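Presented below is the structure to which this report refers.
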Amino acid sequence: MSTHRWSNWSATETARPQQIVTPHSVGELAALVGAATERGTHVKAVGAGHSFTGAAVTDGILIRLDHLAGIVAVEPAVDGALVTVLAGTRLRDLNVALWARGLALANLGDIDVQTVAGAVSTGTHGTGAAFGGLATQIRALDVVLADGTVAHCSPTENPTLFEAARLGLGALGIVTALTLACVPAFALHARESTGTLDATLERLADDRAHTDHFEFYWFPHTRRVLTKHNTRMPADTPLEPVPRVSGYLDDELLSNTLFEGVNRFGTAFPAAIPRINALSSRLLGTREYIDRSYRVYASPRRVRFREMEYAIPVDALETVLGEIDRWITRTGFHVAFPVEVRFACADDVWLSTAHDRASAYVAVHQYHRRQHDTYFRAVESISRAADGRPHWGKMHYRTAADLRPAYPRFDEFVSARDKFDPTRTFDNPYLRTVLG
Ligand SMILES: Cc1cc2nc3c(=O)[nH]c(=O)nc-3n(C[C@H](O)[C@H](O)[C@H](O)COP(=O)(O)OP(=O)(O)OC[C@H]3O[C@@H](n4cnc5c(N)ncnc54)[C@H](O)[C@@H]3O)c2cc1C
């Protein structure tokens with residue numbers, strides 16, 4: 001039995017790969033993959049291990065791309081630049097390197113520790129009705145295929161590989177470089193405030209239309225929400241970051257240290273959770289700040305949790321939240337984590353959760369010491385009734401049979417996988433479940 005062990009951030013998945021390899025060059029990686037295919041050994045790249053699903057699990061060779069990191073080319077464009085970056089680059093490092101060049105990623109999720117390739121491979125997204133997920137920012141890719149060749153692809157060169165591999169679930173090959181359409185650096189003016197769910201839903205169309213990046217957190221067992229309105233500003237706007245001391249109090253104490261304590265207490269005394277939620281939602285105050293875009297989008301997450309996130313048509317949001325609320329009331333299940341609601345525009349990425357439709361994202365979380373299954377299954381059943389699509393990197397119970405009808409280009413993706421990985425070198429149990 002292998003002595004190598006791997007587990008993901010949320011400790012929901014573990015693996016015992018035969019080998020863990022950190023190649024120093026694309027040539028070394030390509031030779032390794034070609035040889036593994038000849039031997040019939042599975043190969044899987046892992047990023048930061050931040051997927052809650054078993055997307056990165058392997059019993060074969062686990063590849064870390066830590067040595068394939070950094071920006072390798074910047075080509076100026078009318079509205080920013082095309083930036084080619086190696087696949088193992090962490091988003092946090094990319095953000096800093098881009099800022100130094102007067103550039104930025106157009107949108108980001110709420111953490112920045114992922115690798116670029118890992119983030120795009122599962123459809124990582126942020127919020128903003130006019131913005132797509134990270135995969136929509138890709139303009140070209142280099143991919144090591146199962147036979148050990150390196151393929152370059154773009155919308156005009158090898159387009160089938162491009163369409164599949166820009167959100168490829170690690171199923172087509174190992175991405176080694178990505179060319180991203182980056183925008184001029186910008187600041188964000190963040191406005192956070194509390195309110196009620198009913199008023200937020202009433203104003204939703206307006207907030208989505210007039211705020212670049214709008215999201216809200218609903219506190220279950222209450223009708224209270226925390227709203228976040230982030231507005232894009234020129235990069236030379238005088239920055240007014242969150243003051244260090246109060247920022248530490250809000251982010252570290254309330255979101256991390258204190259939140260850990262609250263969750264431990266809620267685990268021991270679940271009946272107290274509704275009152276804790278009511279109190280937390282009132283303790284959070286209003287705050288405004290202006291900072292570099294990437295510093296506003298992302299924040300540290302030190303409380304371990306499990307997460308499920310469903311993309312649903314925007315029009316279904318009120319019904320889905322209402323159903324979740326009714327389920328919580330009916331069953332008496334106690335939910336301590338706020339439900340996070342974000343938005344994205346429709347896109348054309350084959351396996352994007354926002355494929356062909358403007359989407360609302362409903363994310364539910366559960367503290368890692370508490371049982372998540374009952375809650376997540378209920379939310380999945382409610383979201384499925386609204387034609388929801390689960391985030392590929394977050395927990396769900398779906399299989400190929402019921403995912404196929406949810407994605408108009410599903411069969412094209414499966415055909416591309418047959419073409420580019422006929423030997424199933426990049427296969428794992430997760431891919432067998434979701435792709436068949
Ligand atoms: C605390 C937390 C917050 C999060 N916030 C958000 C959020 O705001 N928005 C959102 O959409 N998601 C979010 N996620 C989910 C996360 O962005 C995704 O799961 C993402 O895939 C993780 O990136 P990673 O680098 O850790 O990849 P991993 O989880 O390590 O891998 C993900 C997949 O990518 C594949 N892969 C990795 N590298 C390569 C490569 N070079 N070539 C081919 N395939 C590759 C892996 O094999 C695997 O299939 C969050 C997760 C956590 C734990």
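Since we're looking at a predicted model, the values are computed, not measured. In listed order, ligands and their atoms are each counted from 1.
Of the candidates S10, G123, A45, it is A45 that places a heavy atom closest to atom 47 (O) of ligand 1. When the heavy atoms of G173, A298, A363 are ranked by distance to atom 43 (C) of ligand 1, first place goes to G173. The residue from R90, H50, E13, H125 that puts a heavy atom closest to atom 26 (O) of ligand 1 is H50.
With a 4.0 Å heavy-atom cut-off, ligand 1 is reached by the side chain of R342 but not by its N, CA, C or O.
Within a 6.0 Å radius of CD in E318, other residues, nucleotides and ligands contribute 12 heavy atoms or fewer.
Taking the charged nitrogens against the carboxylate oxygens, K228 and D110 have no contact shorter than 4.0 Å, which rules out a salt bridge.
Note on ring orientation: taking the six-membered ring where Trp is involved, the planes of H391 and H125 are tilted (angle from 30° to 60°).
For W392, the closest heavy-atom approach to ligand 1 does not fall below 4.0 Å. The closest approach between any non-hydrogen atom of F52 and ligand 1 is below 4.0 Å. In this structure, E307 has no heavy atom closer than 4.0 Å to ligand 1. Heavy-atom separations between G126 and ligand 1 are all 4.0 Å or longer.
Sorted by first then second residue, the salt bridge (charged side-chain N to carboxylate O under 4.0 Å, His left out) pairs that include residues 46-71, not counting sequence neighbours, number zero.
A search for side-chain contact (heavy atoms from CB on, under 4.5 Å) contacts involving L32 returns V21, I61, I63, not counting sequence neighbours.
When hydrogens are left out, the protein atom nearest atom 33 (C) of ligand 1 is T122 CG2, 3.7 Å; that is the closest non-hydrogen contact.
With hydrogens and angles left out, the side-chain atoms of T12 and N8 include a donor and acceptor closer than 3.5 Å.
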